[in-house]
Amino acid sequence: MGDAATLSRRRFLRLGAAAIGGLAAPAVIGIAKVEAAPLRGGQILPAPKFVLQPSAYRGVVGIRPHREGGFLCDIDLVLGAAQGKHIIHNYGHGGAGITLSFGCAMKVGSLVAKIIKDQPPGRPLPKVAILGSGIIGLTVAKQLRDTYPVMKIRILTKSASIAETTSIKAGGQFAPSGINSEYRTAGQMKMLRGYVADSLTRIKAAFHDGSYQKYGIRERKNYTVEPVADLDLCGPDILPLPNEGGLPFTNLRREGYEYSTYLIDPPIFLAELVREMGRKQVPILWSHEVRDIPSMLALPETIIINCTGLGSNARAFINDDKVKPVRGALAVIPYDQGTPANLKYFFSGGCVGGSPIAYMFSRNADIVVGGSYDYDNSDTTVDPAEIKRLLFRMNQIFIGNPDMCV
Ligand SMILES: Cc1cc2nc3c(=O)[nH]c(=O)nc-3n(C[C@H](O)[C@H](O)[C@H](O)COP(=O)(O)OP(=O)(O)OC[C@H]3O[C@@H](n4cnc5c(N)ncnc54)[C@H](O)[C@@H]3O)c2cc1C
């Protein structure tokens, strides 16, 4: 076991170094072939078997706000300068907004602190408007309220409720997925890892202060057939190195990996943040679209934080044409629909050659099964055949039939 573990770590470091050096950007970077001891000391975990009747699940489609060249989290040096406004952008987090939200909120916090520090002495705290009520806008609001208990902060959002955001449709794994492919040089990867590490600091703090359950945060193992580049990018200083060995499933007799990561359960997390903002006097103006730049600059606040996700590529608004829609579909299966409630793990991969991508995250009240990344597609229509295919694929993987991945 000791030798196998050493070999595994050495082998991982080789693969991980390739990913971190930018040589391997895709999500899946190789197939495990070495002999290794079973994971979990040979303990077998319950496997899913999804009922394929539409009454047993629901389909969801979300559009990831991917940004070519990586997300933007910085002050705009041009926009608003003539009007004495400070515009801070925080959007374009693609498939990783849940993961990056806290880290980016901390960066926004440091930009706001600098604006306050540079004010002439004796000035009152500036007023802040946050545009957008997804995970990015809400975590910025929390960060600023936690730092400045009496600052005037409000959220203006096009959404009528959190149910209309992309964020609530996310799976909720802590991993810089999708967006990691935009960070290729060592310097870029270091920057991305910095945001991920800052986010994790806040997640771990929730464990220390006992608020993790309230926010729907859980520790989770992710079992994978191949090494996965998004989690590998984190490196051992953020998440522990994966264990390598026989997967703990009766019919999926393969060698694979056990990663340690976290669930941040979007419906629970977002609802709690909305409640918290209500308690902490941060009003949310629902159904309040800021239609264009003149309307944004006419807001009474001097600091305006643009957390509009995909809205940032709207022709009438900021019009950042690097923001691209990436469609993703999920099957959501409540635990009372014949699925073992004690799965409590994630699974990624399993299809021959890693394509199509297949994943399953067990959450607090349900399991989500996904696996679609449709670039430049913003069609939010749920296709029942597609949702059924996701579940069929996952069933086939767990009965040991990855050739049936369709
Ligand atoms: C299927 C799927 C699975 C995913 N899984 C994960 C995962 O496991 N882990 C992870 O980290 N990430 C995941 N993601 C990615 C994550 O969902 C996104 O990165 C994140 O939700 C982006 O958050 P946001 O706040 O920027 O965008 P949104 O949630 O879309 O929020 C944008 C807000 O801006 C508002 N808005 C837009 N325009 C205007 C305007 N002009 N004026 C005022 N308000 C405006 C909108 O109404 C909305 O409230 C997944 C995404 C999908 C689709």
Side-chain angles (χ1 to χ4, degrees), residues 59-67 71-73 89-105 129-141 155-180 196 199 220 222 230-231 261-266 269-270 273-274 284-293 295-296 299 304-319 323 325-332 346 348 357 359-361 363 368-374 377-378 380 390:
V60 164
V61 168
I63 313 296
R64 304 172 181 93
H66 185 84
R67 186 168 184 273
F71 61 86
L72 193 58
C73 183
H89 298 294
N90 188 10
Y91 63 82
H93 303 83
I98 308 293
T99 305
L100 292 163
S101 58
F102 278 128
C104 292
I130 296 165
L131 312 187
S133 60
I135 192 76
I136 300 297
L138 290 170
T139 47
V140 165
I155 299 174
L156 288 72
T157 177
K158 185 176 160 186
S159 307
S161 73
I162 47 170
E164 287 186 6
T165 62
T166 299
S167 302
I168 206 146
K169 294 167 187 158
Q173 177 180 219
F174 182 83
S177 312
I179 199 76
N180 60 317
V196 175
S199 272
R220 282 282 188 264
N222 186 348
D230 49 6
L231 287 168
T261 184
Y262 294 85
L263 162 71
I264 308 148
D265 203 324
F269 189 43
L270 288 166
L273 287 175
V274 168
I284 304 180
L285 280 67
W286 300 105
S287 305
H288 197 111
E289 180 178 6
V290 177
R291 287 183 188 281
D292 48 27
I293 289 173
S295 322
M296 179 172 73
L299 292 172
I304 298 160
I305 305 168
N306 170 20
C307 308
T308 58
L310 203 61
S312 300
N313 79 351
R315 211 165 290 277
F317 189 50
I318 298 290
N319 198 16
V323 177
V326 180
R327 183 181 180 278
L330 287 180
V332 182
F346 295 167
S348 307
I357 298 159
Y359 64 84
M360 178 188 86
F361 302 156
R363 310 197 299 188
V368 292
V369 175
S372 58
Y373 267 79
D374 301 332
N377 186 343
S378 53
T380 54
L390 294 173

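Counting starts at 1 for both ligands and their atoms, in listed order. Residue indices begin at 1 and follow the sequence shown.
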Checking Thr308 against Asn306: is there a side-chain donor and acceptor pair closer than 3.5 Å? yes

At under 4.0 Å between heavy atoms, which part of Val60 makes contact with ligand 1: side chain, backbone, both or neither? neither

Contact with ligand 1 for Tyr359, non-hydrogen, under 4.0 angstrom: yes

Does Gly172 come within less than 4.0 angstrom of ligand 1, counting non-hydrogen atoms of the residue? yes

Mark the output for Ile135 as yes if a heavy-atom distance to ligand 1 is under 4.0 Å, and as no if none is. yes

Compute the shortest N/O to N/O distance between Gly171 and ligand 1 and return yes if it is under 3.5 Å, no if not. yes

Nearest-0.5 Å distance that lies between atom CZ in Phe317 and atom CG in Asp292: 8.5 Å

Looking at ligand 1, would His288 count as a contact under a 4.0 Å heavy-atom criterion? yes

State if Phe361 counts as touching ligand 1 under the rule of any non-hydrogen atom under 4.0 Å. yes

Please tell me whether Tyr359 and Tyr373 form a close aromatic pair, meaning their ring centres lie under 6.0 Å apart. no

Mind checking the CG-OG spacing from Asn90 to Ser312? Nearest 0.5 Å is all I need. 9.5 Å

What's the spacing between Thr157 OG1 and Trp286 CH2 if we round to 0.5 Å? 6.0 Å

Minimum heavy-atom separation for Gln173 to Thr99, with atom names? O-OG1, 3.2 Å

With nothing but distance in play, are any N or O atoms of Gln173 less than 3.5 Å from an N or O of ligand 1? yes

Less than 3.5 Å between some nitrogen or oxygen of Glu289 and one of ligand 1, yes or no? no

